[in-house]
Amino acid sequence: MDFWFLALFLLIGLVAGFFSGTLGVGGGVLVVPSLYWVLSWNGSPDALDKAIATSLCVMIFTSTASSITHALKKGIVWKIFFWILMGVFVGSILGPITSTFLSSKSLKFILAFFEILIGLYLLLKNKLSWLHRKHEKPPIETPWFFVPFGIFVSFVASLLGIGGGVFIVTALILLRHSLHKAIATSSLCIVPMSIIASATYFLLAQRTHSTSFTDLISFPSLIALALGSLVAGPIGAIFCYKLSNTTLRVIFATFLMIMGTLFFI
């Protein structure tokens with residue numbers, strides 16, 4: 001991989017890290033398609049599998065940097081994080097196992113579909129105001145929802161290598177939490193999710209395909225992406241608290257729809 005590709009990944013890491021901090025999405029929705037396109041262009045075998053595994057590793061760095069800043073800003077809803085964490089231990093293992101039974105094409109379309117669907121919902125949120133009357137009811141905080149939700153979101157996220165922030169943020173909005181708290185909590189949830197899913201991918205690759213750690217991960221791109229995201233993640237988290245809920249929602253929705261549409265191409 002030459003200098004220009006590494007420079008491109010550094011730039012992608014900066015953008016992904018910034019959006020991770022600002023929107024709580026982990027950056028995978030940008031890293032997976034970008035890395036997949038570049039690896040495919042280079043003729044790399046199993047390009048999507050490498051993109052997903054590498055993205056999960058990148059998000060460990062990205063989300064850790066972002067969540068530290070969010071914690072200092074006191075934006076994290078800690079009890080929701082711990083409830084989701086209980087489910088993460090299950091879903092983050094099941095996702096990589098399931099990925100071995102699905103084709104790359106299926107994974108691409110699942111990812112694109114979810115991104116566009118969530119983006120449309122957020123753009124139309126004001127027209128669905130009957131779902132979001134915060135002044136009538138307090139935010140929902142119950143382990144009976146968040147533990148199984150943690151299983152679901154970590155399963156889908158680890159299957160697609162996207163971190164799960166798009167689902168966590170959207171769910172917390174639906175449950176009447178502020179967008180800022182949803183983003184902060186999501187950023188922290190992505191850290192253990194990425195660690196467990198990455199470890200599972202490596203163990204599966206070694207046991208089922210005798211694939212080494214170095215074969216599954218694109219290390220040059222991982223280093224460049226991680227460096228960019230470590231720099232930009234805290235900046236994005238600080239920027240998040242300077243924006244209104246409406247502005248954040250529109251940016252988040254537009255970002256999802258663009259990435260989902262491009263992935264369908």
Original post:
Which atom names give the shortest non-hydrogen contact between Leu222 and Cys57, and what distance separates them?
Top reply: CD1-CB, 3.8 Å
**OP:** Kindly indicate whether the side chain of Val31, heavy atoms from C-beta on, has any atom under 4.5 Å from the side chain of Phe9.
**Re:** no
**OP:** Give the cluster check for Leu8 versus Phe18: same hydrophobic cluster or not, with ILVMFWY residues linked at side-chain heavy-atom distances below 4.5 Å.
**Re:** yes
Original post:
Applying salt bridge (Lys or Arg N to Asp or Glu O under 4.0 Å), which residue pairs with at least one partner in residues 51-70 are found, sequence neighbours left out?
Top reply: none
Subject >> Full working for side chain to side chain contact (heavy atoms under 4.5 Å, CB included) between Met59 and Thr54 >> reply: CA-CA 9 Å; Met59 284 187 294; Thr54 304; over 6 Å; no
**OP:** Indicate the atoms forming the closest heavy-atom contact of Ile168 with Cys189, along with that distance.
**Re:** CD1-CB, 3.7 Å
Original post:
Yes or no on side-chain hydrogen bond (donor to acceptor under 3.5 Å, both in side chains) for Thr62 and Ser229, after CA distance, side-chain angles and deciding distance?
Top reply: CA-CA 5 Å; Thr62 304; Ser229 63; 2.9 Å; yes
**OP:** Taking all heavy atoms of Gly91 and all of Ser158, pick out the closest pair and write down the distance.
**Re:** O-OG, 3.4 Å
Subject >> Heavy-atom side-chain contact between Leu248 and Ile183 under 4.5 Å >> reply: yes
**OP:** Would you please name every residue forming a side chain to side chain contact (heavy atoms under 4.5 Å, CB included) with Thr200, sequence neighbours left out?
**Re:** Ile93, Pro96, Ile196, Leu204
**OP:** With sequence neighbours excluded, tell me which residues meet side chain to side chain contact (heavy atoms under 4.5 Å, CB included) with Pro148.
**Re:** none
Original post:
Do you know the tightest heavy-atom contact between Ile60 and Ser198?
Top reply: CD1-OG, 4.1 Å
Original post:
Got Thr142 and Trp83 here, is their nearest side-chain heavy-atom distance under 4.5 Å?
Top reply: no
**OP:** Please identify each residue that fulfils side chain to side chain contact (heavy atoms under 4.5 Å, CB included) with Val156, with sequence neighbours left out.
**Re:** Phe114, Phe152, Leu160, Phe167
**OP:** Measure the spacing between OG of Ser178 and CD1 of Ile173 and express it to the nearest 0.5 Å.
**Re:** 9.0 Å
Original post:
In the single-linkage hydrophobic clustering (I, L, V, M, F, W, Y; side-chain heavy atoms under 4.5 Å), do Ile151 and Tyr201 co-cluster?
Top reply: yes
**OP:** Flag the pair Thr22 / Ile238 as yes when at least one side-chain heavy-atom distance between them is below 4.5 Å, and no otherwise.
**Re:** no
Subject >> Transitive ILVMFWY cluster of Ile223, excluding itself - 4.5 Å side-chain cut-off >> reply: Leu10, Leu227
Original post:
Among pairs that include at least one residue of residues 40-62, which meet ring-ring contact (aromatic ring centres under 6.0 Å, His included), considering only residues two or more places apart or in two chains?
Top reply: none
Subject >> Any side-chain heavy-atom pair of Phe146 and Leu172 under 4.5 Å >> reply: yes
Original post:
Quick one: CG on Leu120 to CE on Met257, what's the gap to the nearest 0.5 Å?
Top reply: 4.0 Å
**OP:** With sequence neighbours excluded, give me every side-chain hydrogen bond (donor to acceptor under 3.5 Å, both in side chains) pair touching residues 70-82.
**Re:** His70-Tyr241, Lys79-Glu141
Original post:
Would Cys240 and His180 satisfy side chain to side chain contact (heavy atoms under 4.5 Å, CB included), going step by step from the backbone distance to the final call?
Top reply: CA-CA 7 Å; Cys240 167; His180 291 89; 3.7 Å; yes
Original post:
Any chance CZ of Phe145 has more than 12 other-residue heavy atoms, nucleotides or ligands included, within less than 6.0 Å?
Top reply: yes
Original post:
With hydrophobic residues grouped by side-chain heavy-atom distances under 4.5 Å, do Leu56 and Phe19 end up in a single group?
Top reply: yes
Original post:
Are any of the side-chain heavy atoms of Val250 and Thr254 separated by less than 4.5 Å?
Top reply: yes
Original post:
How far apart are the closest heavy atoms of Gly24 and Val169, and which atoms are they?
Top reply: O-CG2, 4.1 Å
Subject >> By side-chain hydrogen bond (donor to acceptor under 3.5 Å, both in side chains) - contacts of Ser92 (at least two apart) >> reply: none
Original post:
Given a cutoff of under 4.5 Å between side-chain heavy atoms of I, L, V, M, F, W and Y, with clusters grown through shared members, what are the other residues clustered with Trp144?
Top reply: none
Original post:
Should Val147 and Phe149 be regarded as members of a common hydrophobic cluster, given that ILVMFWY residues are connected when their side-chain heavy atoms come within less than 4.5 Å of each other, either directly or indirectly?
Top reply: yes
Original post:
Out of curiosity, Ser20 OG to Ile235 CD1, how far, rounded to the nearest 0.5 Å?
Top reply: 12.5 Å
Original post:
How about Ile80 and His177: do any of their side-chain heavy atoms sit closer than 4.5 Å?
Top reply: yes
Original post:
To the nearest 0.5 Å, what is the distance between OG (Ser186) and CG (Leu23)?
Top reply: 9.5 Å
Original post:
Considering residues at least two apart in sequence or located in another chain, which fulfil the side-chain hydrogen bond (donor to acceptor under 3.5 Å, both in side chains) criterion with Thr247?
Top reply: Ser244
**OP:** Starting at CG of Leu230, measure out to OG1 of Thr64 and round the result to the nearest 0.5 Å.
**Re:** 8.5 Å
**OP:** Identify the two heavy atoms, one from Ser63 and one from Ile190, that lie closest to each other, and give their separation to 0.1 Å.
**Re:** OG-CG2, 3.1 Å
Original post:
Can you list the residues that meet the side-chain hydrogen bond (donor to acceptor under 3.5 Å, both in side chains) rule with Lys181, with sequence neighbours excluded?
Top reply: none
**OP:** Determine, using the 4.5 Å side-chain heavy-atom cutoff (strictly less than), whether Ile251 and Leu179 are members of one ILVMFWY cluster.
**Re:** yes
Original post:
Are Val77 and Phe81 close enough that some pair of their side-chain heavy atoms sits under 4.5 Å apart?
Top reply: no
Original post:
What residues join Ile68 in its hydrophobic cluster, counting side-chain heavy atom gaps under 4.5 Å, either direct or through other members?
Top reply: Leu72
